[in-house]
Amino acid sequence: MTTFPIEKIRADFPILQEKIRNKPLVYLDNAASCQKPQQVIDSIVHCYSHEYANVHRGVHTLSVRATDRYEGAREKVKDFINAQSTKEIIFVRGATEAINLIAQTFGKANIKAGDEILITAMEHHSNIVPWQMLCAETGAVLKVAPINLQGELIYPEFEKLISDKTKLVSVVHMSNALGTINPVEKIIAAAKARNIPVLLDGAQAIPHMAVDVQALDCDFYVFSGHKLYAPSGIGVLYGKQALLEAMPPYQGGGDMIRKVTFEETEYNTLPYKFEAGTPNIADVVGLGAAIDYLVEIGMDNVAAYEAELLDYATAKAKQVKGLRLIGEAKEKGAILSFVLDKIHPHDIGTMLDSLGIAVRAGHHCAMPVMDFFEVPATARASFAMYNTKEEIDVLIDGIESLIEMFG
Amino acid sequence: MFDDLRDLYQEVIFDHNRNPRNFYVMEGADRKVEGFNPLCGDRLTLFLKMDGDKITDASFQGSGCAISTASVSLMTEVVKGKTEAEAEALFKQFHDMTTGKEEEVNLEAIGKLAVLAGVREYPARVKCATLAWHTLDAALKNEQESISTE
Ligand SMILES: Cc1ncc(COP(=O)(O)O)c(C=O)c1O
């Protein structure tokens with residue numbers, strides 16, 4: 001492996017210089033949201049300072065400039081996930097909105113009473129609740145494929161749940177609570193064999209690995225910018241063009257129409273059909289800057305570096321007496337969920353915080369996963385490309401000291 | 001290593017966390033209410049025995065963090081023998097103490113509950129300490145359904 005430019009990367013993230021409770025920040029809550037490099041911050045400042053106006057609406061220079069930047073970012077997203085066309089890239093608020101959009105448009109048009117939607121037992125609430133809402137409205141049934149004690153999908157059980165009634169398979173690419181990376185190629189192949197569309201929730205996968213939607217051949221792929229070193233409030237829905245064309249619009253308003261009279265409205269073409277109203281212009285520009293940043297480093301390099309971090313952290317964590325890892329899938333991204341014997345995750349969170357270490361303590365919006373492992377919550381250290389082995393040492397030392405303090 | 005934390009995690013809190021008092025399912029309880037903090041998954045069931053408006057016995061079951069366990073354990077100790085009005089007044093004082101409303105902790109009124117004063121420096125943890133008291137409040141108002149601090 002060529003050496004990963006970790007020092008340069010760390011220097012690009014101003015917040016990493018922050019002191020928390022008088023200690024250097026060790027930020028290990030990246031799965032919740034990750035920090036932003038100066039390049040992304042600057043791109044937003046630059047947008048508002050030099051290039052801001054509404055998009056798609058004006059003949060004036062600034063509006064043209066803003067539209068160029070906005071559509072330029074769409075081009076970058078398209079290339080980043082290797083979509084066929086920018087028509088397939090819809091800007092939304094985040095993964096949650098993208099899934100709700102699909103449920104309310106594709107779902108309502110195609111899913112009826114008695115039909116089935118298939119998910120897994122490791123989904124984030126955002127890939128559970130929109131389907132429950134759709135099922136309540138339509139009389140469709142939500143099917144849940146089980147996981148094993150390592151936190152892996154039990155694939156044969158998943159396959160058994162696919163039937164002629166299945167109208168959509170919606171699975172998480174990488175689990176936020178467990179780190180598990182699902183065998184999405186197999187899942188997609190099995191669904192394709194029966195002509196069932198597949199939605200991948202890529203909220204966690206996207207910052208950790210190269211994603212190629214054409215190679216995957218998924219029908220929908222969704223993610224949030226804020227977990228990809230980009231601003232919060234912006235996300236992406238990728239959908240295959242033919243599917244998006246056939247779907248009714250989501251919200252009505254400006255930009256999504258071609259012609260409006262009081263009798264009839266003609267909808268705009270893709271992707272604008274799904275982008276009603278003034279979009280989140282500056283944050284789209286920020287997302288474009290984040291993608292530029294990542295492309296320069298290379299997602300394969302990010303993946304290789306983070307795999308090393310995870311291996312290092314896992315090996316060290318396993319040596320801590322009383323520590324139980326939650327989620328030990330063979331295929332796993334850079335997430336370490338754990339519980340400690342007789343110490344509640346919330347106490348772990350507060351104690352590590354006093355050492356400057358930010359971890360998440362809670363159910364990670366995946367309460368069914370907590371129930372499965374019979375824990376009320378877990379502590380979770382989730383890594384990003386700017387984390388280091390030294391920070392993992394600080395984490396493990398902190399865990400060992402707090403175990404000692406609890407006695 | 002955790003010097004900053006000593007105000008929050010006092011020895012008494014560790015003690016109650018390790019050996020919670022009145023930690024059992026009460027047979028023939030007059031009141032039984034569940035408390036739940038969905039944010040961290042703390043869950044407790046509070047049992048009360050009443051004689052008129054007097055709390056004659058209190059116990060609990062459940063699982064939670066050290067702060068919430070110590071808080072409910074201490075609470076079951078101090079409310080025994082109190083009237084509803086006295087318990088409610090104590091709840092108010094406890095609430096003011098943990099949310100920092102009271103600059104000075106009124107040691108005389110609050111007694112050994114003062115060990116929990118440290119949570120006011122940790123806004124994310126205040127609910128852990130007050131869950132017990134919200135549950136007691138619901139029990140005294142005889143609300144049977146579970147209560148939640150979120
Ligand atoms: C796996 C997964 N899916 C979906 C989401 C929802 O993302 P957002 O809250 O950005 O819409 C998250 C965020 O935590 C996630 O981890």
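Reminder, nothing fancy here: chain letters follow the sequence lines and each chain counts from 1.
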Could you measure the distance from the OH atom of B:Tyr122 to the CG atom of A:Asp353? Nearest 0.5 Å is fine.
8.0 Å
Side-chain donor-acceptor pair under 3.5 Å between B:Asp42 and A:His344, yes or no?
yes
Beyond-backbone contact of B:Arg6 with A:Met405, side-chain heavy atoms, under 4.5 angstrom
yes
In this structure, CG of A:Leu355 is separated from CG of B:Leu5 (nearest 0.5 Å) by 7.5 Å
Option in A:Met351, A:His363, A:Arg21, A:Glu404 with maximal non-hydrogen atom pairs under 4.5 Å from chain B
A:Met351
Chain B contact via A:Leu402 - side chain, backbone, both or neither, heavy atoms under 4.5 Å:
both
About how many Å separate SG of B:Cys128 and CG of A:Asp347, when rounded to the nearest 0.5 Å?
7.5 Å
Does B:Arg43 reach the main-chain N or O of A:Pro376 with its side chain, forming a donor-acceptor pair under 3.5 Å?
no
Taking all non-hydrogen atoms of both residues, which atom of B:Phe2 and which atom of A:Gly398 are closest, and how far apart?
CZ-O, 3.8 Å
Under 4.5 Å from any heavy atom of chain B - which part of A:Met370
neither
Measuring heavy-atom distances to chain A, does B:Asp3 have an atom under 4.5 Å in its side chain, in its backbone, in both, or in neither?
neither
Counting only heavy atoms from other residues, nucleotides and ligands, does the tally under 6.0 Å from NZ of A:Lys143 exceed 12?
no
Considering residues, nucleotides and ligands other than A:Arg10, do more than 12 of their heavy atoms fall under 6.0 Å from its CZ?
yes
